[in-house]
Structure formats: C-alpha cells, structure tokens
Amino acid sequence: MLDIKFIRENVEAVKTAAAAKRLSCDVDRLVEVDARRRELQLELDTLRSQVKESGQLVGLLRNPKSPGYQRAIQEGKSEAEIKARADAVQNELAEIKPKIKSLEETEGPILQEFDELMLTIPQPADPEVPIGKDETQNVELRKVGEVRRFEFEPKDHVALGAELDIIDIERGVKLSGSRNYTLKGDGALLHQAVLRLAQDMMIQRGFVPMVVPVLVKEEVMYGTGYFPTGRDQAYLCERDEKSLVGTAEVPLTALHCDEILSEAELPIKYCAMSMCFRREAGAAGKDTSGLYRIHLFEKVEQVIICRNDVEESKKFHAEILKNAEDVVQALGLPYRIVNVCTGDLGMGQVQKYDIETWMPSRNAYGETHSASRFYEFQTRRLRLRYRDGAKTVRFCHTLNNTVIASPRILIPILELYQNRDGTVTIPEALRPYMGGRERIEKA
RNA sequence: GGAGGAGUGGCCGAGCGGCUGAAGGCGACGGUCUUGAAAACCGUUAGGCGAGCAAUCGUCUCGGGGGUUCGAAUCCCUCCUCCUCCGCCA
C-alpha cells in the first residue's frame, strides 16, 4: 500500500508505474474518493465537536452540584431558567444528531471504497528494473556454474523417479488430482535432505528458525499483498474464512503486524520451513509434466524486516540473494540470476531477482528462487512499524527470498546428477542427511 | 462440544454513566546529584485520521461490531480471544 498523500501528489507517476507493471487500477477514482472522504470527515468532526461540547453543558446544567450550575445560580438565574437553558441546548443537539447520522451513512461506503481502491494501487518499481511486458523480457545478470554435457542420453526426472521408484506421480494424481505426486523412499529422503540443508545454512547465518501457521486469516493475506489480487491462486477454507498460504513469507512477514517495534530489534531475520499451497489457476496446460508446477510443495523461506531505509533494503536484498545462491552452489547446480522486468513483477514488489537453475529436461533455466524487496508496501497494510532514534514511528521495510523449494529443486538435482547406469549420485552437501550414502539406486 | 470467568496504555493495575485518552505503580527516556555507577529527586512517555507553513487544533480508539442515553471504558445485545471445570482426542 502506498501513502495516500504520496498518491495525491504523484498521480501521474503512480499511473505510469502501474502501467509498467501492467496492472490496472483507478487512480483518478481514488483521488476523487479521497477528496470526498476528507470533506466528510471535516464536516463530521465539526459537528461531533459541537455535540460533545453541548453535551457537557447539558450535564452541568442538569446537575445542581456542578460548578456550572452553581455559577448560573450566582448569576441570578432561577432553577426554572437553568432547566429551560438545558432543554434548549438539548433540543439543538436533537437537530444535529440526525445530521451526523446521515453524514455517517454517506461516509461508510466512501470509506469502504477508499480502502478497497487503496489495496489495488501497486508499489512502483525501482528505476533499476527493466521495463518489459512479461517474463520473456527479464534481463539475465549473470550465469554461475557449468551446464553438464551428457555423454549418454539423459533421462528426465519423471523417468528417473519412476525407474528408481522414488517418485510416484500417478498415485498422487489418483489421490488428489492433477499436479499432485508422492515421493517414496530415497525420494522422500532427498526432499527432506534438501530442506534440512537449507535450513541449517540459514541458521548458521543468524536467521531464527520459526514454525508458523499455514492456514491464516484473510487479513493476513491482504496484509502481505496476496489479496485481493491473486485471491484465485489461494486455497480457501471459506467456512472458517481462512486461507492456505502459498509461502511462509505470509505468516513470517505478518508476524509482527499491528506492532511498533523498537529500532534496536531490527533487523529481524526469520526463516521457516513450511508447506506451500497453490491453486495454479490460469496455468492450465502449462508445465504439465513432472514436479515443476504442482499444487503442494515444501519450502524454506527467508524474511527480513528492517528499518525504513532504501540503502539498507538494497543491502539486505543482496544478502538474501547471496544466501540462496550459496545453497544452490552447495548443491553444485548451475544457475543464472535474472533481473525481473516490470511486467513480471508482483503488485508490491519494488524489485525482484529470480534464481533460475538449469534443468536438462526443459533444456533451459527454470525458476527456483525469487528474491523480492517491498519497501513499505507490506508493512503499511500490516501496520508494522518501529520507533526510530528520533522517536518517530515509521513503517518497516520487508524482503523475502526462497532458500530452497522442493520438490522443484529435485528436478535439476536428479537430472544433473544422473549416471549412465540409471543411478543418481547424491550431491556431497546432502550426504550427511542421507545416511552418508553416495548414490541413489533402485532398491 | 457443554458449564462458568475475564478482556483497560510497553507491562501490572484502578476506574461512581458526565470534568477519564484514562489514577497509581513498574519499565523506558531526559535531567539534577556523583570521579563513574547505584540510590534518591524532578520531568517526559499511545496510535489512526483530518485541518494548518508551523506552533497547534479537531475527531476517533479502553478486544471487534451494534444499541440505550443529551452524554458510555462504565448499562444492554452480539461476535472474537483467553482462562478454569467436564467430555472427546493427535
């Protein structure tokens, strides 16, 4: 969410920024509603002020023991006169009250529309972000690692998984429909190994591991920017007005909502391993094969909540990107870093770097990580603030990035580490989590 | 799920329907004192929205929403959360 004052003073810039993100929002209507809202508040405040003052006067005039009553007596007023005065004031009030009521009735829908519109205004992208319409116009920043050349015909992860009996997609689909799967034996272990490695690396770097709810109230989804836009991507538990999160970013970022932290508590660095639920609405027919695009996966996520400082945000953005790169490097996977263009950026993101890991079966780099910074976008929605050195209350900045998401990351691991005989070498970093074994072979 | 009890400022805790956005205490911050620190003493210490260049002013908020009343933290209704007892249970 942006500051309404900023929007008022930068209408054209806000529109341009929204257009660059290819998001539609009605800034003109918002400005109009905002003007009306302020007008009404001014009127209401004035009337309420009158009512309050007169109400107190009535109280004094009705109470013989009050100083006001006594003063009137001393001024030579009779009891009847005082009562008449009280009645008169009360009658005035009786006229004002319906006015307030009616203004409030006008104000209600205006406020609601105001709030709704505010939630649809996107955060402008950083000037460093390339302008583009979709992911095809993301800009590659650098490539790391050598892409393996096979001296035999490599299999894809689906075939490998089936032959090694570690991935069973058919039965997953039988239970839960398309885009579901099961992991078996070493498949399940490999999945968990990757997550544990990632979490251990984050703990070493000072991130506090958390276990958080993945079924959250809708306001948490609004607060982090996933609602109202994107509501169709979430699994809803409508009976309870709750939603399954698509990432632990949601509960981690919202953890301190409605709080005013002290500056000394910042930066807060959390990581959490969680289930992630995604409907993948609108993705019908896309990435239908294998473990790439699925409804349920597990992820270790990193979140930083820091001071309201652009340079600091950028510094932490680099840090969380590096954390993830280190994990991918520890796994020995080739990848590239992409500067995501405006059209592929979410509502709230100022800038986003994706890590794309080489996947032989796609013959391309595929997104495995996504590092975003938001500035105040989420914290304004969440009312997440801190008191700075000058005792001023300010909105925090937030950032987040994947540490590892599995089973998607199993695609490059299985495919790149496969051997001619159909076995898969276990990356060294994962061996401690796999009983020290060096390879996965058919049981 | 059944029966009771409770929700006040960073925390504890008072609060008769009016002068209470809220006593008192703790904590925190600033100051006096001290070589320094402690103690003691003095002072400061909610957030939102709006108006204003600003000082400042107005309004809203005592779990949320609604109602009674000229006036509600204080009365009524409702929802939420927490605690205790009973039942069920990973």
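Nothing here was measured: the structure is a model prediction, and the numbers come from that model. All chains are named by letter (A, B, ...) in the order of the sequence lines, taking the proteins before the strands, and each is independently numbered beginning at 1.
- Taking atom P on both B:rC79 and B:rU84, the two are 23 Å apart, rounded to the nearest angstrom.
- Listed candidates were B:rA51, B:rG58, B:rA46. Nearest to the side chain of A:Arg38 is B:rA51.
- Here, B:rG5 and B:rG71 have their P atoms 31 Å apart, quoted to the whole Å.
- Considering only side-chain atoms of A:Ser49, the nucleotide from B:rG67, B:rG48, B:rU59 that sits closest is B:rU59.
- Nucleotides B:rG31 and B:rA37, compared at atom P, are 11 Å apart to the nearest Å.
- Between the P atom of B:rG48 and the CD atom of A:Glu259 lies a distance of 15 Å, rounded to the nearest Å.
- In this structure, A:Arg48 atom CZ and B:rG58 atom P are separated by 15 Å, rounded to whole Å.
- Residue A:Arg383 is out of contact with every strand shown, counting any heavy-atom pair closer than 4.0 Å.
- As rounded to whole Å, 10 Å separates atom P of B:rG67 from atom NZ of A:Lys97.
- Taking side-chain N and O atoms only, A:Lys391 has no distance below 4.0 Å to OP1 or OP2 of B:rA46.
- What separates CD of A:Glu53 from C1' of B:rG18 is a distance of 15 Å, to the nearest Å.
- Pairing analysis of RNA chain B (Watson-Crick: purine N1 to pyrimidine N3 plus N6-O4 or O6-N4; G-U wobble: N1-O2 and O6-N3; both under 3.5 Å) yields stems of 3 or more pairs at B:1-7 with B:80-86, B:10-12 with B:24-26, B:27-32 with B:40-45, B:46-51 with B:56-61, B:63-67 with B:75-79.
- Heavy-atom distances to RNA chain B give each of A:Val51 and A:Lys5 a nearest nucleotide, and the one nearer the 5′ end belongs to A:Lys5.
- A:Asn138 and A:Asp354 share no side-chain donor-acceptor pair at under 3.5 Å.
- The 5' end of RNA chain B is approached more closely, in terms of each residue's nearest nucleotide, by A:Gln56 than by the other of A:Gln56 and A:Phe395.
- Side-chain rings of A:His317 and A:Tyr353 approach one another, their centers coming within less than 6.0 Å.
- As rounded to the nearest Å, B:rA73 and B:rU20 have C1' atoms that lie 9 Å from one another.
- If you take atom C1' in B:rC29 and the same atom in B:rG10, they sit 13 Å apart, rounded to whole Å.
- Judged by distance alone, the side chains of A:Glu376 and A:Asn308 do bring a donor and an acceptor atom under 3.5 Å apart.
- Within the 4.5 Å cutoff, no side-chain heavy atoms of A:Val245 are placed close to those of A:Thr224.
- Regarding contacts with the backbone of B:rC49, every side-chain N or O of A:Arg37 stays at 4.0 angstrom or more from both OP1 and OP2.
- Taking the six-membered ring for Trp and thresholds of 30 and 60 degrees, A:Phe227 and A:Tyr222 have ring planes more than 60 degrees apart, a perpendicular arrangement.
- With A:Phe316 as the fixed residue, the side chain to side chain contact (heavy atoms under 4.5 Å, CB included) test singles out one of A:Ile304, A:Leu321, A:Thr398: A:Ile304.
- The base of B:rC49 is paired with the side chain of A:Gln41 by a donor and an acceptor separated by under 3.5 Å.
- Spacing between B:rA23 and B:rG43 at atom P, rounded to whole Å, works out to 15 Å.
- With hydrogens and angles left out, the side-chain atoms of A:Ser102 and A:Glu105 include no donor and acceptor closer than 3.5 Å.
- Among the nucleotides B:rG50, B:rG58, B:rG47, the one closest to any side-chain atom of A:Asp45 is B:rG58.
- In this entry the distance linking CG of A:Leu44 with P of B:rG50 reads 14 Å, nearest Å.
- Comparing the C1' positions of B:rU68 and B:rC41 gives a spacing of 49 Å, expressed to the nearest Å.
- Here A:Arg387 reaches the OP1 or OP2 of B:rG47: one of its side-chain N or O atoms lies under 4.0 Å away.
- Contact check, A:Lys52 against B:rG58: no side-chain N or O comes under 4.0 Å of OP1 or OP2.
- Atom CZ in A:Arg8 sits about 6 Å away from atom P in B:rG50, given to the nearest Å.
- Rounded to an integer number of Å, the gap from A:Glu105 CD to B:rG66 P is 12 Å.
- As rounded to the nearest Å, B:rA3 and B:rU8 have P atoms that lie 25 Å from one another.
- As a whole-Å value, the separation of A:Leu93 CG from B:rU68 C1' is 17 Å.
- Taking each heavy atom of A:Arg431 and A:Ile426 in turn, the nearest pair found is NE-O, 2.8 Å.
- Of the candidate nucleotides B:rC70, B:rG47, B:rG50, B:rC70 has the atom lying nearest to any side-chain atom of A:Gln90.
- Residue A:Glu428 qualifies as open at atom CD: its count of foreign heavy atoms under 6.0 Å is 12 or below.
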